[in-house]
Every structure is written in structure tokens, then in C-alpha cells.
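First comes the structure, then the notes that go with it.
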Amino acid sequence: MATKTVIKKTAKKATKKVVKKAECKTKAVKKAVESSVRSVRAMTITEKLLAAHAGLKEVTPGQLINAKVDIALGNDITAPIAIREFKKIGAKKVFDRKKVVLVPDHFTPNKDIASATQCKILRDFAKEQKLTHYYDGGDVGVEHALLPEQGVVGPGDLVIGADSHTCTYGALGAFATGVGSTDLAAAMISGEVWFKVPETIKIVFKGKLNKWVSGKDLILHTIGDLGVDGALYKAMEFTGPVIDKLSMDSRLSLCNMAIEAGGKSGIVVPDATTKKYVKGRFERKAVYYTSDKDAEYSEVREYDCSKLEPQVAMPHLPENTVNVSKVGRVNLDQVVIGSCTNGRMEDMAVTAKVLKGKKVAKGTRLIIIPATPEIYNESMKKGYFDTFTKAGAIISPPTCGPCLGGHMGILAAGEVALATTNRNFLGRMGHVKSELYLSNPAVAAASAIKGRIVHPKVIK
Amino acid sequence: MKAKGKAWKFGADVDTDRIIPARYLNTSDPKELAKYCMEDADDKFAKGVKKGDVIVAGKNFGCGSSREHAPIAIKASGVSCVIAKSFARIFYRNSFNMGLPILECAEAVNGIKKGDVLEVDMGKGEIYNVTKKKRYQANPVPPFMQELVGAGGLMRWIKKRGFVK
Ligand code: SF4
């Protein structure tokens, strides 16, 4: 197990004149950074982002602000209530048709009449309001994989989503957080949202990642240490040499689960990896914010990753994490690889690598869900589908599906599953008497082959 | 706002999947949702709960998803107020935005047993355990949240600020 060290409670440094030199190379970036440091107080990236969107020079944790939103997102579960509230109050038009995004991804393709009716509410509203970003049919994918991929969200954005995993976009250097339907309704009308400026916990990952260890393991390990409410109301800023080398897909998985520690948001300061990712993709102008060196953090935690194994969260909370080698014998009825946590290209690639030439164990069902149409097509082109079907896996269209116990792989009483999703709450994937374990895709694929939870290294 | 009712007790980290499981999220009708409220935490709750009753729970109540169906189901089930040691962030926001009274009070949670009769003054944050004859004071509600509640919820507040023409 990696060493967990609580370094210190950062000493409070009162307001101080700080003017920093831009560290980034390109001109455009330099400008953006400079414009963000005209503050009188040393601030974290989160504080700078919130201040800029509230039209303030600086903000302090605890302060209540009204901030402008760049994107307001809803899905087929949360948007129907928001649309109802929108109409009830007598609103006629959304504040900006390019900035209100609707993705009916949870029960897609619609599993029953009731869910089809919910989706229709979104479809009609999108048409009536002429929304630019509405995804349906063959365009729909899991929202938090879709929005970064399609360049709808990007660095410097303030995003609210009526979905708790909206925090995913922090990977791009955005402030993104989950809210409820009424918040969404209010933002659709006003283009604003109220916030309490959060304190930030800085999480530093040191050392080098071992083989088969990914962004998912970093966050599972962190949640195991902090607990499911360890970052309640707080922003989590991920940094350190491991993050510097981490792929964007892994960063998205990492920030995705900030909410599982109770966090308001997760964020990674943009770097070369971010710029490469958003180039030619992000549809608006990226603004790259950084954290000042002497910014205040409520807490700094350091993890040495050199001994970190792939992590597994045991039922029924994401904080019940252990090294995969410590799980013991757990036979599996089902394995699910997908979701907004691990349904991206990197996840499909590692799944194909482990499954290549292998068969899923008899008595175990493997369901693979590429998170977006683009990932679906790319996986097909790369020949992964051939590997998946030959192994005996089921390939699902992009959907949230079983992740929230919706459809496409629901568990019966007494069944045990391993998933690359983000929550293993009681009954999350089906019956209350079913059990759910969480892991990264490599562990999930290897475990599907063996029919029980194993370390991917055992697959020869 | 005052209410009187029986306490229903729950532990720590009651997540939104237990408050209202996703299998019922293909509707947003409050009455329909109320039928399944707390089903995966206590399957006797939805049938047994009476108007005015109070949910009393441990830390981090309402963690997990952003579904407003959770506070909607609780409110529609007749519950007057939720008292917990702490609330998950989105649940906290949602409750204020849509008008479900919630109070933070660890002491009361520790002192209240299942079935105790409670009198709660939501505005003042006063909790009186009628059964045990004990009084508790919840953490004060921040002024901005009081303003929201005073305006009649977030939507009315937005309207008041002139956003709805
Ligand atoms: S994949 Fe799962 S966690 Fe992600 S948005 Fe869909 S239901 Fe929520």
C-alpha cells in the first residue's frame, strides 16, 4: 500500500501582493494567465475561476457569490424537473441556446414508456428553444465523456450540471460541479448560479505509477483515505509528478470521482497535455488558469504511488478500497466496463489488450459499454470489437445503462458484480441484495476472464 | 414553521440510491416517487410514514447523485423535516432550493431514538424530544439560505431578481 501522509494544515497567509510570472510558453496562454493574476490575494485555480465568473478581483473561501455559467447541463433524469420548473415560473427563453446542453443518456435507448416520456420532454424543449447541443439517437453518449470529447466544455469554463459527476470536467482546468434540477432551471433562465466559494484540498501524487495502475486507482485510493465525506463542500486539486505524466482520459476518470469523496469539484491545472487535448476540439476560447504558489489550502495530502497496486472498492461504499491482491476470493456473475468513469478510448484499449485471445469465464457475463459514438466507432475500427466478441463479451451501445441500475445488465438478488463505474452503493446496479465491487478496466477485464477478482498480471 | 411527528432513524452515509432507487427515476411525479421513498433503507417507511414525521440520520445524508427526486420523494411522503449530523452538498442545496426543511444537529441525532415524538421549529432550529423531554438547538441556517427560504425557494428568488420577464 502506498504511504499516506497528512503533511500539514497550511498556515494561513493573509492577503499579500502577488504578481506572478506566467510559466506557460505560448503567447495566448501567457496572456490568459497574466490576466488571471491581477489579484491582491494569492489564489488557487478554483478561486481564480470563480472570481473571474463572478466579476470579482478576488474571492475567499466561505464567500457567497453569484457566478456566470458557461455551460448548464441536464440529462433525462434531471432535466424534466428543471423544464417543469422553468415553465411553472413563466420563463419563455433560455439565457443562451448555445450554453444549455441536454443529453438524454441514462435510459437510452429508452427502456420503457415512462423513460421515453421523460426523454420526449427534453427533445421537445430542445426543439422549442433551438438548443445547439442536444444529443439524441446515434449522437448520444454518456454526458461526461461526450462533452469534453465534443469540445463543448474546456479550460477556464464554469460548468454546472444537474448530474453529480459534472466534476469530471475539472480534468480540463474548468470549475465544474453537480447541482440539482431547480439549480439547473434557475441557471437556464438567468445564466447564473449561486455558490459558496469552497476551500481547496491539495492532493499530491508522487513517485511513478506501476503497470496496470491508472487514474481510477489514484482516485479510489484517495477516497479510501479521505472517506466518502472527507472532502465535503471542498474543491480537490490534483497535482504532482504523477499527474504531470497522466493521460487526459485518466485525468477525466480521476476528477470524475471527486464527488465520491464528497467534493464540490476536482481540478487539474492545465498543462501541455490539456492543450494538446483541446486543440481543434474546444469550440470556444480556452482560458488557462493556474494556482498561485502561495495560495492557501485547507489541507495538503501526499501519496507515494510507487507501491500503489490497482485498487478495488468493496461493497457498499467507494471508500472501502483495498489493494486488488487483498480482496480474497470473490466470484463474479457479471463484469461491466464502461460509464463516465471508465468508458473512454484508453479504457477500451486496455480492455482489448487484456482480453486479446482470451475467453470470458463460463458463468460470468461481461458487458462492455463504449461511452460515446466516437469511442464506439474508434473501438470498432481498431479491431477491439473483434477481440471483445471473440472473448464472449456483450457490446452495448453508448448509455449509462447498468451503472445506475437503469437497464442493460441489472443484477438479481444474490448476484455479485465488478464494474469500472463510480458507485457501489447498496442496490446501485439492481437488487438490494446484490453486491458491487469497483475497479479499473484492466482489473475488470482480467477478472472477467478468471470469473473472480484478480490482478491483471495473472493473465499470461 | 412548526411540525410534530415521530422520528424515523437511519445511519450514516444514506445515499440517494437508498432514498429513491434509480429504478423509479423514469418518473418525476412526487406522489409516485413517495411510494418508494427510502425503500432500500427501510422497506416499511413509505407505508408507515405519517404527515409531520421526521427523518433523523447520521453524517453525510443524501450523498451520491444530484437527483432532486430524493428531497421531492421525502417531502411528498409527508416528512416535515430531516435532521442529520451533516448533509451531502448537492442534497443540501436541493433541499433549500425546493423547500424541504433540513437541520444539522449531531447532539439531537445521538439523543433521539426511533419512534420518539418530536416537535420541531424549523425557523428557529429548535428540536424538542417530547418522549424524552429534551431540547436541542440545531446549527443556524446561513442568512443567504434564509433569504432563499423567505423568497419561497430558488425559482421565486430568481423571479424576484427580475430574470423572468
Ligand atoms: S455513467 Fe453512471 S455515473 Fe456516469 S452519468 Fe451515467 S449513471 Fe451517472
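Only this structure's heavy atoms are used, side chains among them; waters, hydrogens and symmetry mates stay out. Here the structure is a predicted model, which is why all the values come from computation and not from measurement.
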- Query: Does any heavy atom of chain B fall under 4.5 Å from the side chain of A:N75, the backbone, both, or neither of them?
  - Reply: neither
- Nearest 0.5 Å, what's the CD-CD distance between A:E85 and B:E68? 7.5 Å
- Check ion pair B:K59-A:D229 (N to O, under 4.0 angstrom): yes
- Item | Donor-acceptor contact present, side-chain A:R84 to main-chain B:S28, <3.5 Å | yes
- Query: Contact part of A:Y233 toward chain B, heavy-atom cut-off under 4.5 Å: side chain, backbone, both or neither?
  - Reply: both
- Relative to chain B, which of A:G405, A:S115, A:G178 shows the most heavy atom pairs under 4.5 Å? A:G178
- First locate atom OG of B:S86, then atom CG of A:L232, and finally report the distance between them rounded to the nearest 0.5 Å. 6.0 Å
- Rounded to the nearest 0.5 angstrom, the CG-CG distance for A:D76 and B:L25 is 10.0 Å
- Can you find a heavy atom in the side chain of A:W194 that is under 4.5 Å from one in the side chain of B:N97? yes
- Are there more than 12 heavy atoms of other residues, nucleotides or ligands under 6.0 Å from atom NZ of B:K9? yes
- Item | Region of A:I77 that comes under 4.5 Å of a non-hydrogen atom in chain B | both
- Rounded to the nearest 0.5 Å, how far does CG of B:D15 lie from NE2 of A:H316? 10.5 Å
- Message: Can you confirm whether B:R23 is buried at CZ, in the sense that more than 12 heavy atoms of other residues, nucleotides or ligands lie under 6.0 Å from that atom?
- Response: yes
- Message: Apply side chain to side chain contact (heavy atoms under 4.5 Å, CB included) to residues B:R93 and A:V193 and explain how you reach the verdict.
- Response: CA-CA 11 Å; B:R93 266 188 99 93; A:V193 66; 3.4 Å; yes
- Could you pull out the closest heavy-atom pair between B:S65 and A:S164, with the gap in Å? CA-OG, 3.5 Å
- Test item: A:E192 and B:F163 side chains (from C-beta on) under 4.5 Å apart, heavy atoms: yes
- Proximity breakdown for A:L317 and chain B, heavy-atom pairs closer than 4.5 Å: side chain
- Heavy-atom closest contact (A:A186 atom, B:I158 atom, distance): CB-CG1, 3.6 Å
- Query: Is there a donor in the side chain of A:T177 and an acceptor in the side chain of B:R89, or the other way round, less than 3.5 Å apart?
  - Reply: yes
- Item | Where B:M155 and A:I89 come nearest, the two heavy atoms and their spacing | O-CD1, 3.5 Å
- Message: Measuring only between side-chain heavy atoms, which start at C-beta, is B:N26 closer than 4.5 Å to A:K111?
- Response: yes
- Task: Indicate yes or no: at least one non-hydrogen side-chain atom of A:T78 is less than 4.5 angstrom from one of B:S66.
- Result: yes
- Item | Rounded distance (nearest 0.5 Å) linking atom CG of B:N94 with atom OG1 of A:T182 | 6.5 Å
- Note on the structure: Checked B:H69, B:M98, B:R156 vs chain A; the most non-hydrogen pairs under 4.5 Å come from B:H69
- Item | B:I72 vs A:I81 side-chain heavy atoms within contact, under 4.5 Å | yes
- Task: Please round to the nearest 0.5 Å and tell me the distance separating atom CG of A:L64 and atom CE of B:M145.
- Result: 8.0 Å
- Under 4.5 Å heavy-atom distance to chain A, tell me which part of B:Y92 shows up: side chain, backbone, both or neither. side chain
- Tell me, yes or no, whether the heavy-atom count around B:K132 atom NZ, taken from other residues, nucleotides or ligands under 6.0 Å, exceeds 12. yes
- Winner by heavy-atom pair count (cut-off under 4.5 Å) against chain B, out of A:D183, A:D163, A:V432, A:V179: A:D183
